[in-house]
Structures are given as C-alpha cells and as structure tokens.
Amino acid sequence: MPNRDVVSWNAIVAAYWQNGNLEESKRIFNSMPVRNIVSWNSMIAGCVEHDRIEEACEYFLRMPERNVASWNVMISGFLKYERLEEASKLFNEMPVKNVISYTSMVDGYANKGEIERARSIFDKMPNKNEVSWVVMINGYVENGIFEEARRLFYQMPRKNTVAMTTMLTAYAKEGKMDFARSLFEEIQFKDRISWNAIIGGYTHNGQCEEALKLYNKMLEAGKRPDHSTLVVVLTACSNIVSLQQGRQIHVLIVKSGFQSEVSVCNTLITMYTKCGSIDDSELLFREMVNPDVVSWNSIIAGLGQHGHYVRALEFFEVMKTSELQPDEITFLNVFSACGHVGRVEQSLDLLESMVRIYGVEPKAEHYSCLVDILSRAGRLDDAYKLITKMPFAPDGAVWGALLGACRVHLNLELGELAATKIFELEPQNSAAYVMLSNIYATMGMWKEVNRIRWLMKENGVKKQPGYSWMEIDKKVQLFLGGDVSHPEIGRIRLELKRICLLMKMVDRDEDLELL
DNA sequence: CGAGAGCCAT
C-alpha cells in the first residue's frame, strides 16, 4: 500500500515544521521514496510558516503537478507578507478557484485597506461560506466602516460564534457596549474568544468593573483564561488602579504558568506601574528571560511616569546593547524622559540617529516632543525652525507644543502664528483659543482677549470644563475647576491642600535625581 | 497528511 506509506511520511514532514524544525522537514522530504501532491503542499506551507516564501516558490515551481490547495497555500503565503501583487497574479492565473482562494484574496485586500476591491471579489464569489462572510465583515470593522459591517452581518444567513464575536467587537469599537452585550448574550456557544472580546470591550470603554465582573463569570462558566484574557483583565486592573485585584491575578498567572508569556509579563509591568508599584515593575522586567521591544518600552515609560527619568534613560542605553531594535514608541518614551531633565542636545541627536542608525522614521508625535523640549528650554526660534524643516505637514499637536511654550515665554509673534495654524487645522481645538487668549491677557491686551472670545463664539467652540473627583465618606464627589458652589467645597479644598503639601514633600526628596 | 475567520500588551 504505497499510498498509506506516503500519508505517514507526510505526517512526519508536517510534524517537524509545525514544531519549528523546517530543516529536518526538508531533509525527510528529500529522502522520501514516493511523494504526492500533499507532500509538496505541506513542504510549501512549512516554508511559508517559517518566513521562507522564496523557497516556497521554488517548491511550487518544481512540483510535477498542482491542485487548488497548492495555489491557495502560495496565495496565502504572499498575502502573509502583504505581497498583494504576486498573490493576485497567482489568483488570476490559477486554473480552478475554490471558496478558499476567493476568501484569502478578500482577506488580503481588506487587510491592506483596499476594502472596495475586497468587496468586489466578495460579490463575485460563486458561493460563500461562513468564513467568507466573517472575513468580509471583519474587513469592514478593521477599516472602521461599521455601518456596512452591520448590514452584512444581518444579511449573513447562518451566524456562528465567530461571526457574532466579530460583530460584538465592532460594537465595542464603536463604544456601543449595550449592543455588544446583548449580542454576547445571544451567542449560544460562547467560547473563550467571545468572552475575551466582551471583557476587552468593557475594558477599552472604561467600564473596568464590569469587565472584571464578567471575568469572574467566565471562570464560573468553566472557561479557563488564556493569555489574552489575562492581558485584558490586567489592563482593567491598571485602569481602575486596583493593585489588590492585579496582584490576585498575578498569583494566578504564576500558578498557571502564564508568566512565560511575554505579552502577559508586559501587561503586568504596566499594571504595577499604573498602580504605583514601580519597584514591582522593575523586578518583573529583570526576571523576564525573553523581554521584547514592548517590555523595554513598558519599563522605560514606567520609570518616566514615576519621575525616574535618568533611570529611564539608563535603561534605554542598556536596551541599545541588546539585540533588540528600539521602535517609534521607544523613542517617544525616551524623548519624554529627555524633556523632563532638559537634555535638549541629546534629544536632537536622538532624532537624527532614529533614521540613520535604527531606521525608524520620525512621525508627527516625535516632532511634537522635540518642539516641546526646545520650547520649554526657551529655544522658541529653534522649535519653529524644526517645524519648518519637518518632512511632512505639521499637525495641531506640533503647533500646540509651540503655542504652549509661547504662553510661558511670552512670545506674541510666534504664538499668534502657531494659533493661526491650529485654527486652520483644528477649528474646534478650544485649548488653542484659551492659550492665545492667555498670552494676550498676560500682556494686558484686553481688546485682543475679547476678539478671541468672540471668535470662539463665532466658531461655536466650547471649552470643555476641567473637572476631577474624589471620594468623601465612600461617596464620589465630582467638582469643576473654579466652582465654589459645591456643597463639599470646604473638604475638597482641604484635601487638595493636603495633596499639594504632600507633593512638595515628595518633590524635595526626589530633586536629587533631577539634577 | 495540505489552503481561508473572531479576542490581547507599550
């Protein structure tokens, strides 16, 4: 039975590359006495899996005959690396297409933002299955076109758990958690991913208590958490600054062996940072055997958020000696630290070395940071020069950084210029009006102050009130900036005074590091 | 024995 034989060989070939040993797969493949189409297809899939698309091509061209799966595996290989042209060439050349060929192309176009082309293939499909529908719906969701996603979802004939989870995620991204929740309740066979989606939805929409409640329900329902579950519930704990619940989940992570998951550790680092326990963040980071860029970014950001700027910069120096490449977020965190300790020259050097050494293109946010650093150092003209030298059009945030400093250093000319730019780019940006008006007020130019006030009214700009809240006798009290009519105003003021005093005391202790 | 889907961290 030679056929039976091939099947066993194929299984061994597949098993090796699935366990990370592509070379052994290839060796066995070469030594096989007989091969069928499946042997070749499996070898191609293995190469694709191990980022060796060119080798996959070689096998594809060498094989004596191909079936539809051979073409499909090549197409999905090219799509994996966003090589749309080659994928679509194969798609057009292949003699017979099946539902998988079409679905792969729909997914490929949708992932590249070419949603119209994805849709036109979807509409041309001779028959669709549940996967095709989900790919198309999710394509709309990923591209933020929620109305069309919803329309297709309701057209979809048989909605399975995956489709419902996709739509649930769409509602969550729109902030419509009530719709997301009722869809979730309608899912007959809720799996772990559906639970993760609804918990994540509540977390990202600021309803973290509800997220944690659902997490407990999930455990009660007998679903074990996976690394994604843990990531979102830890995020929920961070957002509500619940160190106690965060630690509880940390214990569970250690007991269940999830501490080997990099994403889980990274989230733990951030959780401890946000919950005020930066030492735990650092301990965790040091214990990681395989930190990635996100781990480094998290600890550098964390140290910065706790005022340990110099230490953050030291970590960055160590990161540079590792084999990991800093990314755009690393540089944002590093710029932030530089700015706080007034390292102007260093940040200018860094901006230059971003591209030259690390191949990271600075974005608008990076320029905003630099403009902010230069401006705060009083170098307003240099900041303006940097803006004019930016390789793309400056956005409102860049001008805002300059305007903010113009208010502090009282530079009327540049301030008016920056404000004018912001009014063009973001006419509803109330902060710009307020800052410009403050410059005029400080300089006693009351006529101009009135002109800005009039301009705000004319453009329908509303300054959103500044507000905060605190807990008094187990009740949360909301209070507005400048509001003296609050019934608990006395105790609120007392508490604010206490916090100010506390901050000044802490500040004195940590001044040393700033120098 | 081979090809297409939903959730997650800075």
Side-chain angles (χ1 to χ4, degrees), chain A residues 3-15 17-18 35-46 48-49 66-77 79-80 98-108 110 128-139 141-142 160-170 172 187 191-201 203-204 225-235 238 261-271 273-274 291-302 304-305 327-330 332-333:
Chain A
N3 210 15
R4 184 93 220 108
D5 236 30
V6 183
V7 171
S8 320
W9 280 103
N10 289 346
I12 296 168
V13 166
W17 66 254
Q18 277 161 10
R35 289 185 274 261
N36 62 11
I37 293 189
V38 175
S39 333
W40 288 88
N41 289 350
S42 168
M43 210 51 248
I44 296 173
V48 168
E49 178 71 27
R66 306 170 187 96
N67 63 10
V68 61
S70 328
W71 291 84
N72 285 345
V73 70
M74 279 309 297
I75 288 176
S76 67
L79 290 175
K80 185 177 168 193
N98 66 8
V99 63
I100 296 179
S101 333
Y102 283 96
T103 305
S104 300
M105 289 309 294
V106 172
D107 196 34
K128 308 172 175 75
N129 63 15
E130 289 167 339
V131 182
S132 333
W133 282 92
V134 168
V135 163
M136 192 66 242
I137 294 169
N138 191 49
V141 176
E142 288 296 311
N160 60 12
T161 301
V162 182
M164 294 184 78
T165 306
T166 305
M167 197 58 223
L168 183 169
T169 308
I187 302 177
D191 62 12
R192 192 149 48 194
I193 300 184
S194 335
W195 281 99
N196 291 351
I198 189 72
I199 295 171
T203 302
H204 297 305
D226 66 358
H227 69 105
S228 312
T229 321
L230 297 166
V231 162
V232 288
V233 291
L234 281 171
T235 305
S238 314
E261 284 282 343
V262 183
S263 60
V264 171
C265 285
N266 293 345
T267 317
L268 275 169
I269 292 175
T270 301
M271 186 275 291
T273 296
K274 295 248 173 83
D292 65 3
V293 194
V294 179
S295 326
W296 282 95
N297 291 350
S298 305
I299 191 65
I300 292 173
Q305 282 157 27
D327 66 5
E328 47 185 58
I329 296 176
T330 318
L332 282 180
N333 296 333

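- The residue A:Ser263 sits close to a base: some heavy atom pair falls under 4.0 Å.
- Side-chain contact between A:Asp226 and A:Asn196 is present, with at least one heavy-atom pair separated by less than 4.5 Å.
- Here A:Val38 lies in heavy-atom contact (under 4.0 Å) with a base.
- Defined by atom type and a distance below 3.5 Å, a donor-acceptor pair is present between the side-chain atoms of A:Thr103 and A:Ser132.
- Using a 4.0 Å heavy-atom distance criterion, A:Ser295 is classed as making no nucleic acid contact.
- Among the heavy atoms of the strands lying under 4.0 Å from A:Thr166 are primed sugar atoms or P, OP1, OP2 only; no base atom is included.
- At a threshold of 4.0 angstrom between heavy atoms, the contacts of A:Thr229 with the nucleic acid are absent.
- Residue contacts for A:Val131: at a heavy-atom cut-off of 4.0 Å it reaches a base atom on one of the strands shown.
- Of the possible polar contacts, one joining the A:Asn333 side chain to the A:Asn297 backbone as a donor-acceptor pair under 3.5 Å is found.
- Between the CD1 atom of A:Ile44 and the OG atom of A:Ser76 there is a distance of 10.0 Å, given to the nearest 0.5 Å.
- Extent of DNA chain B lying under 4.0 Å from chain A heavy atoms, first and last nucleotide in 5' to 3' order, is B:dC1 to B:dT10.
- Without hydrogens or angle criteria, A:Asn98 side chain to A:Ser101 main chain gives a donor-acceptor distance under 3.5 Å.
- Checking side-chain atoms of A:Ser42 against main-chain N and O of A:Val38 turns up no donor-acceptor pair under 3.5 Å.
- Counting any heavy atom pair closer than 4.0 Å across all strands shown, A:Thr103 reaches a base atom.
- A:Ser298 comes within 4.0 angstrom of the backbone, heavy atoms only, and of no base.
- Nucleic acid contact class of A:Asn333 (heavy atoms, under 4.0 Å, all strands): none.
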